[in-house]
K.L.:
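Please find one structure pasted underneath; my questions will follow.
We count residues from 1, following the sequence as given.
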Amino acid sequence: MQMIELISNPNAWVALLTLTFLEIILGIDNIVFLSIVSGKLPEHEQPKARRIGLLLAMAFRVVLLFGITWVLSLQEVLFHIDWGFFNAGVTGQSLIIFGGGLFLLYKSVSEIHHKMEGEEESSPKPKAGNTLTATVIQIALLNLVFSFDSILTAVGLISMKSPAEGGFGYEGAILIMILSIIISIAIMMAFAGPVSKFVNNHPTIQILGLSFLILIGVMLLAEGSHLAHFKFGNDMEVGTIPKGYLYFSIFFSLFVEFLNIRMRKNSKPVQLHDSKELDEDFDTK
């Protein structure tokens, strides 16, 4: 009965489309991380690693949705810190988000260092840290952090109030969120292969992607600090970095890099119209 009500409710369709789009946007960093980490595996294992990583992302999100009460309980303060100049009320959620930010920073910086200064592998056999199992473990750890961030965003967007109060009800809201997760993961699985191939074939895109992951790691550190109520002195409290600014800078940088790639493909150097006219005038003289 509730399913029929949701299908006939246009607000439910709008919420589903909005949440699906948001899940895809929030999953961009996941795809970038998948592409870079799986790119160190043998070519025949890379699609398997990407599938496992995205399926883990879907599984984590669905499981966390069914345990939404436990997820929300992580917002409760576990312990307080009072050192005079520094105060904090650390929560379980802040520990997970902060730890994920540290892991992402470490992984991104180490990958950039390896690509810029590391030696290429002469042996076709991968290192112990580049096996499929090790790659899946890294993907699972980061997916756990991204899943918390995604679920909390979804819960804040979809109202769990009763239909009489203008919401979708608890079961209806959970159903909408699960459908949005499944649809978004299916779309990301369809595009993960071409995106990974493009990223791995362009070293500049790899460095740009790793730089994005550093930004996202810093954003997670700021968000974890904010959730833990980090406060320096009496008035200086750590705030969050708006995701809109971050993703705008990512898309703008990608757009500029795509233009650079397009220019490099041209055999002739690109000239501005003014410079071209000056050259013609010079030739006539």
K.L.:
Do Phe198 and Phe258 have ring centres separated by under 6.0 Å?
P.N.:
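Yes, the ring centres sit under 6.0 Å apart.
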K.L.:
Strictly by side-chain hydrogen bond (donor to acceptor under 3.5 Å, both in side chains), give each pair with a member in residues 14-26 just once, sequence neighbours left out.
P.N.:
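Found Glu23-Ser150.
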K.L.:
Hydrophobic side-chain clustering at under 4.5 Å (ILVMFWY, transitive links): who's grouped with Phe255? Put none if nobody.
P.N.:
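Leu259, which link up through side-chain heavy atoms under 4.5 Å apart, make up the rest of the cluster.
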K.L.:
Hey, could you give me the CG/NZ distance between Asn87 and Lys231, rounded to the nearest 0.5 Å?
P.N.:
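One finds 7.0 Å between CG of Asn87 and NZ of Lys231.
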K.L.:
Indicate if Val256 and Phe248 have the same hydrophobic cluster label, given that clusters are the connected sets of ILVMFWY residues with side-chain heavy-atom separations under 4.5 angstrom.
P.N.:
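Shared cluster, no.
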K.L.:
Please identify each residue that fulfils side-chain contact (heavy atoms from CB on, under 4.5 Å) with Val109, with sequence neighbours left out.
P.N.:
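For Val109 the side-chain contact (heavy atoms from CB on, under 4.5 Å) partners, ignoring immediate neighbours, are Ile214.
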K.L.:
Tell me, please, which residues at least two apart from Phe21 pass ring pair (Phe, Tyr, Trp, His ring centres under 6.0 Å).
P.N.:
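Scan of Phe21 (ring pair (Phe, Tyr, Trp, His ring centres under 6.0 Å), adjacent residues dropped) gives none.
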K.L.:
Can you list the residues that meet the side-chain hydrogen bond (donor to acceptor under 3.5 Å, both in side chains) rule with Ser35, with sequence neighbours excluded?
P.N.:
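Counting only residues at least two positions away or on another chain, Ser35 forms a side-chain hydrogen bond (donor to acceptor under 3.5 Å, both in side chains) with Ser196.
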K.L.:
How is the hydrophobic cluster of Leu141 composed, in terms of its other members, when Ile, Leu, Val, Met, Phe, Trp and Tyr link through side-chain heavy atoms under 4.5 Å apart, directly or indirectly?
P.N.:
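Ile137, which link up through side-chain heavy atoms under 4.5 Å apart, make up the rest of the cluster.
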K.L.:
Does Ile185 share a hydrophobic cluster with Leu17, counting links as ILVMFWY side-chain heavy atoms below 4.5 Å and allowing steps through other members?
P.N.:
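No; tracing contacts between hydrophobic side chains, which count when under 4.5 Å, never links both residues.
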K.L.:
Would you check if Ile182 and Met58 make a side-chain contact, meaning some heavy-atom pair closer than 4.5 Å?
P.N.:
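Sidechains of Met58 and Ile182: in contact.
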K.L.:
Show your working on side-chain contact (heavy atoms from CB on, under 4.5 Å) between Ile139 and Ile52 and close with a plain yes or no.
P.N.:
CA-CA 9 Å; Ile139 292 171; Ile52 293 175; over 6 Å; no
K.L.:
Keeping the roles fixed (side chain from His80, backbone from Gly89), state whether a donor-acceptor pair exists under 3.5 Å.
P.N.:
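No; judged by distance alone, with no hydrogens or angles, the pair does not exist.
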K.L.:
Hey, could you give me each pair passing side-chain hydrogen bond (donor to acceptor under 3.5 Å, both in side chains) that has a residue in residues 203-220? Not counting sequence neighbours.
P.N.:
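Listed once each, the pairs are Lys115-Gln206, Thr204-Glu257.
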K.L.:
Provide the closest heavy-atom pair for Ser253 versus Leu208 in the form atom of the first, atom of the second, distance.
P.N.:
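Minimum heavy-atom separation between Ser253 and Leu208: O-CD2, 3.9 Å.
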K.L.:
Taking the side chain as every heavy atom from C-beta outward, state whether Leu105 and Leu221 have any atom pair closer than 4.5 Å.
P.N.:
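In contact.
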K.L.:
Please determine whether side-chain contact (heavy atoms from CB on, under 4.5 Å) holds for the pair Ile97 and Leu227, giving the CA-CA distance in whole Å, both sets of side-chain angles, and the decisive distance to 0.1 Å.
P.N.:
CA-CA 9 Å; Ile97 300 295; Leu227 293 172; 4.2 Å; yes
K.L.:
Measure from the side-chain N and O atoms of Ser180 to the backbone N and O of Met177, and report whether any donor-acceptor pair falls under 3.5 Å.
P.N.:
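Pair found, side chain donor or acceptor close to backbone of Met177.
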K.L.:
Please enumerate all residues that pass side-chain contact (heavy atoms from CB on, under 4.5 Å) together with Phe86, with sequence neighbours excluded.
P.N.:
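Once residues adjacent in sequence are excluded, the partners of Phe86 under the side-chain contact (heavy atoms from CB on, under 4.5 Å) criterion are Ile81, Trp83, Ala88, Phe230, Phe232.
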K.L.:
Measure the shortest side-chain to side-chain distance between Leu254 and Phe212 over non-hydrogen atoms and say whether it is less than 4.5 angstrom.
P.N.:
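The answer is yes, as the side chains (C-beta and beyond) meet within the 4.5 Å cut-off.
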K.L.:
Would you find more than 12 non-hydrogen atoms of other residues, nucleotides or ligands less than 6.0 Å from Tyr245 atom OH?
P.N.:
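Open.
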K.L.:
So, using side-chain contact (heavy atoms from CB on, under 4.5 Å) as the criterion, who are the partners of Ile96 when residues are at least two apart?
P.N.:
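With neighbours one apart ignored, the set is Leu74, Val145, Phe148.
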K.L.:
Determine whether Asn143 and Asn30 make a side-chain contact, defined as any pair of heavy atoms from C-beta on separated by less than 4.5 Å.
P.N.:
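They are in contact (side-chain heavy atoms under 4.5 Å apart), so the answer is yes.
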K.L.:
Apply ring pair (Phe, Tyr, Trp, His ring centres under 6.0 Å) to Tyr106 and list each qualifying residue two or more places apart in sequence or on a separate chain.
P.N.:
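In terms of ring pair (Phe, Tyr, Trp, His ring centres under 6.0 Å), with neighbours along the sequence ignored, Tyr106 is linked to no residue.
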K.L.:
Taking only residues two or more places apart in sequence or in another chain, which ones pass side-chain contact (heavy atoms from CB on, under 4.5 Å) with Ser147?
P.N.:
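Partners of Ser147 by the side-chain contact (heavy atoms from CB on, under 4.5 Å) criterion, ordered by chain and then number, come out as Phe60, Arg61, Leu64.
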K.L.:
For residues Leu142 and Val37, determine if any side-chain heavy atom of one lies less than 4.5 Å from a side-chain heavy atom of the other.
P.N.:
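No. Closest side-chain heavy atoms not under 4.5 Å.
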K.L.:
Filter on salt bridge (charged side-chain N to carboxylate O under 4.0 Å, His left out), then keep only pairs touching residues 88-102, sequence neighbours left out; what's left?
P.N.:
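The answer is none; no pair qualifies.
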K.L.:
Identify whether Val63 and Ile174 are in the same connected component of the hydrophobic contact network (ILVMFWY, side-chain heavy atoms under 4.5 Å).
P.N.:
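Different hydrophobic clusters.
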K.L.:
Look at the side-chain heavy atoms of Ile, Leu, Val, Met, Phe, Trp and Tyr, link any pair under 4.5 Å apart, and say whether Ile24 and Val14 land in one connected group.
P.N.:
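No; Val14 is not reachable from Ile24 via cluster members.
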K.L.:
Let's go through Glu223 and Phe98 carefully: what are the C-alpha distance in whole Å and the side-chain angles of both, what is the deciding distance for side-chain contact (heavy atoms from CB on, under 4.5 Å) to 0.1 Å, and is it a yes or a no?
P.N.:
CA-CA 7 Å; Glu223 186 175 350; Phe98 196 89; over 6 Å; no
K.L.:
Does a side-chain heavy-atom distance below 4.5 Å link His229 with Glu237?
P.N.:
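In contact.
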K.L.:
Please tell me if the side chains of Phe33 and Leu104 come closer than 4.5 Å, counting only heavy atoms from C-beta onward.
P.N.:
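With C-beta onward as the side chain, the pair touches.
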K.L.:
Would Phe251 and Ile25 satisfy side-chain contact (heavy atoms from CB on, under 4.5 Å), going step by step from the backbone distance to the final call?
P.N.:
CA-CA 11 Å; Phe251 285 122; Ile25 296 298; 4.1 Å; yes
K.L.:
To the nearest 0.5 Å, tell me how far Ser38 OG sits from Leu132 CG.
P.N.:
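Here the rounded value is 10.0 Å.
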